[in-house]
Structure formats: structure tokens, C-alpha cells
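Here is the structure we will look at, set down as C-alpha cells.
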Amino acid sequence: VQLQASGGGLVQAGGSLRISCAASGRSFPGYAAGWFRQTPGKEREFLATITWAGGVPYYVDSIEGRFTISRDKDKNTVYLQMNSLKPEDTAVYFCAAGESTESMWRVNPRSWGQGTQVTVSS
């Protein structure tokens with residue numbers, strides 16, 4: 001099963017963008033999904049996670065209120081809606097599947113999708 005991220009691009013500061021991550025198999029390969037981001041020279045940063053069954057979301061404080069994670073079980077897809085974007089949100093964004101939301105907080109999911117670039121211009 002592969003995770004395919006899409007929807008990245010260039011957006012002006014203050015704008016919005018929704019990125020998606022679709023699982024190629026018949027079911028999502030995990031009990032939780034997560035979003036992360038990474039900039040050159042820095043470690044991958046956890047942003048948000050959601051339980052696949054119940055759709056319960058969790059966020060790091062720095063993005064709560066601006067970003068929203070959601071999932072569509074029928075489409076095996078997880079989304080990250082990003083509003084009020086700032087230039088410092090510029091990064092490669094990665095999705096992941098894992099055994100638990102705790103694995104996402106530890107940046108230790110079962111599998112990663114490929115990244116999608118998000119660039120926020122000032």
C-alpha cells in the first residue's frame with residue numbers, strides 16, 4: 001500500500017491550501033494518520049494526527065486553529081486544510097500511517113508518503 005500526497009503549491013501569505021494523501025490499497029494502512037513537515041537542514045516536524053476509526057484529531061499547539069486534519073474513510077484519504085498561511089509554513093509536507101496517534105507524536109509511523117511542497121510567499 002502506498003500513500004500518495006498531492007495538493008501542494010504556491011500560495012500567498014494569508015491564503016489557504018488543502019493537501020491530500022490517498023492510500024492506494026483497499027483500506028487505510030493503519031489505525032491513525034498524520035501530517036508532518038520538513039525544511040532543509042531540520043528534522044521532520046509532527047503537525048497533526050487523527051484516529052482512522054473515530055476521526056479524533058490532535059494538533060501541535062503551533063498550528064492549532066489554523067490547520068485542520070480530516071479523513072474520508074470511503075476514499076482512504078486524509079486531508080490537511082491549511083488556513084492563514086505564513087511564510088514560515090513553507091516546507092515539504094508528508095503524510096503517514098501508523099499504529100496509533102502516539103506513534104505520530106513520536107515521529108515514528110509505520111509508513112510514509114512522499115512529500116508535497118508547500119511554498120508561502122510574503
Side-chain angles (χ1 to χ4, degrees):
V1 176
Q2 291 185 328
L3 300 174
Q4 182 75 32
S6 62
L10 175 65
V11 63
Q12 288 188 333
S16 298
L17 200 63
R18 188 179 79 160
I19 53 178
S20 305
C21 177
S24 61
R26 295 177 61 184
S27 61
F28 193 80
Y31 296 98
W35 284 101
F36 303 76
R37 67 186 178 190
Q38 191 170 22
T39 55
K42 293 190 176 181
E43 293 186 352
R44 196 163 295 186
E45 173 191 14
F46 164 74
L47 297 175
T49 182
I50 189 166
T51 60
W52 194 254
V56 179
Y58 301 92
Y59 304 93
V60 293
D61 289 345
S62 61
I63 59 124
E64 191 158 12
R66 293 195 300 125
F67 292 8
T68 302
I69 188 171
S70 62
R71 80 345 180 192
D72 185 325
K73 295 172 71 175
D74 291 336
K75 296 181 178 179
N76 286 336
T77 300
V78 59
Y79 304 96
L80 188 67
Q81 176 69 42
M82 302 182 289
N83 299 327
S84 302
L85 282 162
K86 306 174 183 179
E88 51 264 44
D89 294 318
T90 295
V92 178
Y93 284 70
F94 296 88
C95 61
E99 297 297 329
S100 65
T101 55
E102 287 76 14
S103 71
M104 304 298 174
W105 284 95
R106 295 194 304 268
V107 195
N108 188 30
R110 176 194 300 172
S111 57
W112 292 100
Q114 97 290 2
T116 185
Q117 176 72 45
V118 172
T119 303
V120 184
S121 63
S122 58

- Task: Please lay out, stage by stage, how F28 and W52 fare under the test ring-ring contact (aromatic ring centres under 6.0 Å, His included).
- Result: CA-CA 8 Å; F28 193 80; W52 194 254; 3.9 Å; yes
Going from [atom1] on [X] to [atom2] on [Y], what distance comes out if it is rounded to the nearest 0.5 angstrom?
| X | Y | atom1 | atom2 | value |
| --- | --- | --- | --- | --- |
| K73 | S27 | NZ | OG | 11.0 Å |
| S122 | Q12 | OG | CD | 9.5 Å |
| M82 | I63 | CE | CD1 | 10.0 Å |

- Anything under 30° is parallel, anything over 60° is perpendicular, the rest tilted; go ahead and classify F67 against Y93. tilted
Strictly distance-based, threshold 3.5 Å: is any side-chain N or O of [X] a donor or acceptor partner for the main-chain N or O of [Y]?
| X | Y | result |
| --- | --- | --- |
| N76 | R26 | yes |
| Q2 | A23 | no |
| T116 | G8 | yes |
| T49 | Y58 | no |
| E102 | R106 | no |

- Query: Any cation-pi pair here, R44 with F36, using under 6.0 Å and within 45°?
  - Reply: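 Checked: cation-pi criterion not met.
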- Please test T77 against D72 for side-chain hydrogen bond (donor to acceptor under 3.5 Å, both in side chains), starting from the C-alpha separation and ending with a verdict. CA-CA 5 Å; T77 300; D72 185 325; over 6 Å; no
Quick check: closest heavy atoms across [X] and [Y], and the distance to 0.1 Å?
| X | Y | answer |
| --- | --- | --- |
| S121 | L10 | CB-CD1, 4.2 Å |
| R66 | D89 | NH1-OD2, 2.8 Å |
| F46 | M104 | CD1-O, 3.4 Å |
| G98 | S103 | CA-OG, 4.0 Å |
| S100 | A32 | C-CB, 3.5 Å |
| I50 | R71 | CD1-N, 4.0 Å |

Under a 4.5 Å side-chain heavy-atom rule over Ile, Leu, Val, Met, Phe, Trp and Tyr, are [X] and [Y] clustered together?
| X | Y | value |
| --- | --- | --- |
| V56 | I69 | yes |
| V92 | L85 | yes |
| V107 | L3 | yes |
| Y79 | W112 | no |

- Item | Candidate pair T68 and L80, rule side-chain contact (heavy atoms from CB on, under 4.5 Å), full reasoning | CA-CA 6 Å; T68 302; L80 188 67; over 6 Å; no
- Message: Contact between T119 and Q117 at the side-chain level, heavy atoms closer than 4.5 Å - yes or no?
- Response: yes
- Quick one: do Y59 and L47 satisfy side-chain contact (heavy atoms from CB on, under 4.5 Å)? Show the steps, please. CA-CA 6 Å; Y59 304 93; L47 297 175; over 6 Å; no
- Message: For a side-chain contact (heavy atoms from CB on, under 4.5 Å) check, start with the C-alpha distance between Q81 and S70, then their side-chain angles and the critical distance, and finish with the verdict.
- Response: CA-CA 8 Å; Q81 176 69 42; S70 62; over 6 Å; no
- Any luck finding a side-chain donor-acceptor pair between S6 and Q4 under 3.5 Å?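 Judged by distance alone, the side chains do not pair up.
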- Message: What verdict does the side-chain contact (heavy atoms from CB on, under 4.5 Å) test give for T39 and R37, after you've listed the backbone C-alpha separation in whole Å, the side-chain angles of each residue and the deciding distance to 0.1 Å?
- Response: CA-CA 7 Å; T39 55; R37 67 186 178 190; over 6 Å; no
